[in-house]
Amino acid sequence: MRPEYLFYLLVFPGLLFTGMLGLVVGWVDRKVSARFQFRVGPPFLQNFNDFFKLLGKETIITKEAVASLFISAPFIAFAMIVLVSAMIGTAMFFGSSFGGDILVVMYLLMLYSVMIILGGASTGNVYASMGAGREIKLLIADELAFILVCLVAVVKSGYTLKLHEIISFQNDNGAFIGSASGIIAFVVGILCIQAKMTLPPFHIPEAETELVEGPLMEYSGPPLAFWKLSHLMMWVTFPFLLILLFWGGFTLSGLGILWAILKYLLIVVVMIIIKNTNPRVRIDTALNFFWKYAAPLALIALILAVLGA
Amino acid sequence: MGWYHKRLAKSIWVFHVSASPCNNCDIEILDLLTPRYDVERFGIKLVGSIRHADVLLVSGIFNQKVGPRVQQIYAQAPKPCFVVGIGTCPASGCCFKDSYNISKNIKDIIPIDLYIPGCPPKPENMIEGIVKLVEVLNGKE
Ligand code: SF4
């Protein structure tokens with residue numbers, strides 16, 4: 001292990017950077033959503049205030065809860081997201097490997113969902129367990145399409161699994177989004193992200209109106225703060241992953257910086273628009289959607305990629 | 001009333017406790033959360049779970065059935081947690097004050113930090129009340 005890894009993990013593409021950017025993008029999300037509803041929306045530092053407020057509240061552990069799992073789940077999930085963002089960020093900004101490839105990224109992102117399931121199921125609350133159950137179903141729904149989408153990029157970059165090699169391949173041969181298979185996979189990818197982040201229309205596990213935040217229902221204080229923070233950090237991690245896989249990463253010089261910000265904001269805004277214009281779907285509709293339409297589409301993209309289109 | 005309370009004042013998550021009101025106050029509370037008044041400007045958010053709440057908005061007269069439940073809900077809220085009594089009901093019993101079933105001493109059930117009188121109070125009144133609570137949190141008496 002090299003010493004700069006610690007810097008990657010804790011400061012630049014990892015913890016500090018992604019955390020800060022996530023809190024800011026969370027504000028963008030809330031503000032744009034508010035404008036959709038003809039409201040003014042929260043002030044800029046709202047998410048920071050929310051986070052620090054939650055850090056100072058009491059942590060309540062219910063009598064039925066499995067205390068060790070209940071407390072450790074949010075922190076493990078947070079660690080997963082930090083690790084993933086460090087891996088993706090290192091490949092994007094430094095063009096080097098942090099020690100993990102695309103398979104590890106897929107595993108860690110899945111483990112995040114598993115942590116939500118474990119955390120929710122350990123509370124001993126009926127609603128939270130129901131939310132955890134729905135999270136499992138959602139994971140079953142979106143995982144196949146997500147893996148196929150990732151595979152498209154792998155195939156197109158000449159069967160390499162290394163994140164920075166996918167980027168450098170695109171820098172030499174043009175971004176994958178310009179090709180037929182790339183654009184299909186990109187669109188399916190955005191939908192998968194929506195489900196992985198449990199944003200509307202796929203916020204089935206959290207369903208405020210029926211399950212009152214589902215798995216997070218019994219959490220209070222610092223553990224809740226870390227759940228919220230890791231969820232906001234996904235607003236950074238997932239769009240970065242899509243840009244990395246299909247849109248040629250970032251070039252950080254001159255106009256490239258502006259272009260990088262534009263790419264990122266474009267994906268975020270598309271996600272916010274989908275989020276605000278769709279009502280929640282039922283769990284069977286979501287399963288249907290991903291297995292009948294999204295996954296076959298991704299499979300077609302994969303076949304096209306293998307054929308070289 | 002230091003740095004932490006300033007953060008708390010800017011991010012108040014409210015939980016709505018309906019303790020046997022005539023339902024009118026509840027409707028006004030819902031009005032407060034509509035786009036027209038947009039309390040998210042002040043960082044106020046309605047949460048569905050008591051574990052996330054900073055402020056309980058209670059309305060109604062706390063009759064003998066609902067009183068112990070309100071007490072239980074208050075015990076489940078993570079501290080620091082404040083209680084705002086919405087309407088004349090928690091303050092004085094309003095038109096129900098002579099009913100046979102109301103709890104005589106609401107103060108014994110939960111400590112109410114702020115009353116917003118009115119039957120029902122207008123959303124503007126409630127915003128003013130919350131602003132007062134924020135001022136107290138910020139250290140201005
Ligand atoms: S204060 Fe008036 S409007 Fe509100 S619950 Fe009591 S009687 Fe109803």
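Quantities reported herein were computed from a predicted structural model and do not represent experimental measurements.
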Within residues 67-80 of chain B, contacts to chain A at heavy-atom distances under 4.5 Å involve B:Q76, B:A77, B:P78, B:K79, B:P80
Correct closest heavy-atom pair for A:V40 and B:D38 would be N-OD2, 2.8 Å
**Request:** Would you check if the side chain of B:H52 reaches a backbone N or O of A:G221 as a donor-acceptor pair within less than 3.5 Å?
**Result:** no
For residues 44-54 of chain A against chain B, heavy atoms under 4.5 Å, the residues are A:Q46, A:N49, A:D50, A:F52, A:K53, A:L54
Bottom line for A:K31: the part with an atom under 4.5 Å from chain B's heavy atoms is neither
In this structure, NZ of A:K57 is separated from CG of B:D54 (nearest 0.5 Å) by 4.0 Å
Between B:R51 and A:T62, is there a side-chain heavy-atom distance shorter than 4.5 Å? yes
